[in-house]
Amino acid sequence: MDHPFVILPEEQAPAGIQHCVCCELSKQRNRVVWGEGNPQAPLMMILDNPGAREDREGNPFLCGTRETFQLGMREAGIDMSSVYVTYLLKCRPLRAYNKPEARAACFPHLQLQLLQKQPSVLFGFGNVVAQALFPQKENASVKELRGSWHDFQGLPIGFTYHPLAVRRRPNLLKFFVGDLKALKEKWKERSTSS
């Protein structure tokens with residue numbers, strides 16, 4: 001395993017969504033990033049927004065979020081082919097924007113993905129995802145939600161720290177990997193019971 005990191009294939013956004021103009025991000029984005037990885041995967045991972053996919057010269061590029069994410073997956077023993085990664089926001093923000101408005105505009109896209117893909121288990125990364133998926137919980141945070149399973153529209157969902165938080169604070173790595181190992185166990189449990 002010389003180069004353990006992979007650039008996951010990007011899934012094309014559905015035709016009607018490729019040119020979405022529901023929020024101001026449409027004026028600053030390069031393109032809509034629907035998701036990446038295996039579209040039929042049993043595990044759907046939810047991050048806040050897409051990171052850089054190309055360097056300045058336009059070559060494929062693995063940003064820090066993806067690198068740390070894949071490191072955690074490898075340490076937890078989860079094969080990348082079992083994973084589909086998607087985002088609350090389907091565009092990479094390039095400058096400041098109205099966050100609540102953009103999340104509200106993008107939420108139906110996530111709903112559509114859940115309906116189409118029917119994953120077995122969901123997993124959220126970071127406080128932004130926790131707050132967006134559980135707006136009824138006051139100040140929902142990873143610290144509060146991690147370590148147990150929650151229900152999101154009939155699917156089990158777990159949470160862990162955002163890969164960038166783990167990158168900035170390496171002491172979080174053991175928790176990050178532990179949470180991903182719990183995800184693997186939950187998936188195994190659901191596979192055997194269905």
Side-chain angles (χ1 to χ4, degrees), residues 1-11 33-51 53 62-89 110-134 137 140-194:
M1 205 191 293
D2 297 335
H3 195 274
F5 300 115
V6 293
I7 292 175
L8 296 172
E10 193 176 316
E11 184 184 28
V33 181
W34 192 242
E36 53 194 88
N38 175 1
Q40 280 84 47
L43 305 178
M44 183 183 277
M45 313 300 216
I46 306 170
L47 285 156
D48 48 356
N49 56 257
R53 283 189 65 89
L62 209 62
C63 67
T65 294
R66 288 185 181 89
E67 226 172 67
T68 306
F69 170 75
Q70 290 187 31
L71 170 69
M73 298 292 284
R74 190 177 71 235
E75 293 291 313
I78 299 173
D79 190 302
M80 291 306 292
S81 66
S82 308
V83 169
Y84 181 77
V85 181
T86 192
Y87 311 93
L88 288 176
L89 301 180
L110 181 64
Q111 300 277 59
L112 176 64
Q113 285 179 308
L114 288 171
L115 209 65
Q116 290 176 334
K117 299 189 181 312
Q118 305 273 305
S120 176
V121 185
L122 300 174
F123 209 71
F125 294 82
N127 290 337
V128 170
V129 174
Q131 289 157 13
L133 298 187
F134 291 104
K137 286 185 192 271
S141 72
V142 166
K143 211 171 188 172
E144 175 195 321
L145 296 173
R146 61 175 292 275
S148 53
W149 290 93
H150 311 274
D151 178 83
F152 183 74
Q153 299 182 0
L155 286 169
I157 185 167
F159 288 90
T160 193
Y161 298 101
H162 192 287
L164 279 184
V166 175
R167 202 172 172 89
R168 288 187 196 117
R169 296 174 49 208
N171 61 313
L172 295 177
L173 183 62
K174 63 179 180 282
F175 303 112
F176 186 68
V177 171
D179 294 340
L180 290 169
K181 284 180 176 170
L183 165 63
K184 187 180 181 182
E185 288 309 306
K186 185 68 166 179
W187 172 34
K188 271 206 297 211
E189 173 195 308
R190 290 202 32 107
S191 307
T192 53
S193 66
S194 57

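Index from 1, following the sequence. As the structure is a computational prediction, the values presented were derived from the model and not from experiment.
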Working to the nearest 0.5 angstrom, can you tell me the gap between [X] [atom1] and [Y] [atom2]?
X: Leu172; Y: Thr160; atom1: CG; atom2: OG1; result: 8.5 Å
X: Tyr87; Y: Asn49; atom1: OH; atom2: CG; result: 9.0 Å
X: Leu89; Y: Asp48; atom1: CG; atom2: CG; result: 7.0 Å
X: Leu122; Y: Asp151; atom1: CG; atom2: CG; result: 9.5 Å
X: Ile78; Y: Met73; atom1: CD1; atom2: CE; result: 4.0 Å
X: Leu133; Y: Phe152; atom1: CG; atom2: CZ; result: 4.5 Å

Are [X] and [Y] packed together at the side-chain level, in the sense that at least one heavy-atom pair is separated by less than 4.5 angstrom?
X: Lys186; Y: Phe123; value: no
X: Leu183; Y: Trp149; value: yes
X: Met80; Y: Phe69; value: yes

How close do [X] and [Y] get, counting heavy atoms only, and between which atoms?
X: Tyr84; Y: Gly35; answer: OH-CA, 3.3 Å
X: Val83; Y: Asp79; answer: CG2-O, 3.9 Å
X: Gly51; Y: Cys63; answer: CA-SG, 4.3 Å
X: Leu180; Y: Ala76; answer: CB-CB, 3.6 Å

| message | According to side chain to side chain donor-acceptor pair (under 3.5 Å), who are the partners of Gln70, at least two apart in sequence or on a separate chain? | response |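 Per chain and number, Gln70 pairs via side chain to side chain donor-acceptor pair (under 3.5 Å) with no residue.
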Non-neighbouring partners of [X] that pass side-chain contact (heavy atoms from CB on, under 4.5 Å), sequence neighbours left out:
X: Leu112; answer: Ile17, Trp34, Gln116
X: Arg168; answer: Leu164
X: Leu173; answer: Leu71, Val166, Phe176, Val177
X: Glu185; answer: Lys188

Quick one: which residue pairs count as a salt bridge (charged side-chain N to carboxylate O under 4.0 Å, His left out) with a foot in [range], not counting sequence neighbours?
range: residues 169-184; value: Arg146-Asp179
range: residues 110-131; value: Glu11-Lys117
range: residues 63-73; value: Glu36-Arg66, Glu67-Arg167

Contacts table for residues 37-45: side-chain donor-acceptor under 3.5 angstrom, sequence neighbours left out:
{"from": "Asn38", "atom 1": "OD1", "to": "Gln40", "atom 2": "N", "distance (Å)": "2.8"}
{"from": "Asn38", "atom 1": "ND2", "to": "Ser81", "atom 2": "O", "distance (Å)": "2.9"}

| task | Start with the C-alpha distance between Glu144 and Phe159, add both sets of side-chain angles, then the distance that settles side-chain contact (heavy atoms from CB on, under 4.5 Å), and finish with yes or no. | result | CA-CA 9 Å; Glu144 175 195 321; Phe159 288 90; over 6 Å; no
| request: Output yes when a side-chain donor or acceptor of Thr68 lies under 3.5 Å from a complementary backbone atom of Thr65, and no otherwise. | output: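 No; zero donor-acceptor contacts below 3.5 Å.
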| task | Please name all residues satisfying salt bridge (charged side-chain N to carboxylate O under 4.0 Å, His left out) with Glu10, sequence neighbours left out, ordered by chain then number. | result |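 Applying salt bridge (charged side-chain N to carboxylate O under 4.0 Å, His left out) to Glu10 gives Arg31, Arg53.
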| request: Using ring pair (Phe, Tyr, Trp, His ring centres under 6.0 Å) as the criterion, list what pairs up with Tyr161, not counting sequence neighbours. | output: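 Expected list: none.
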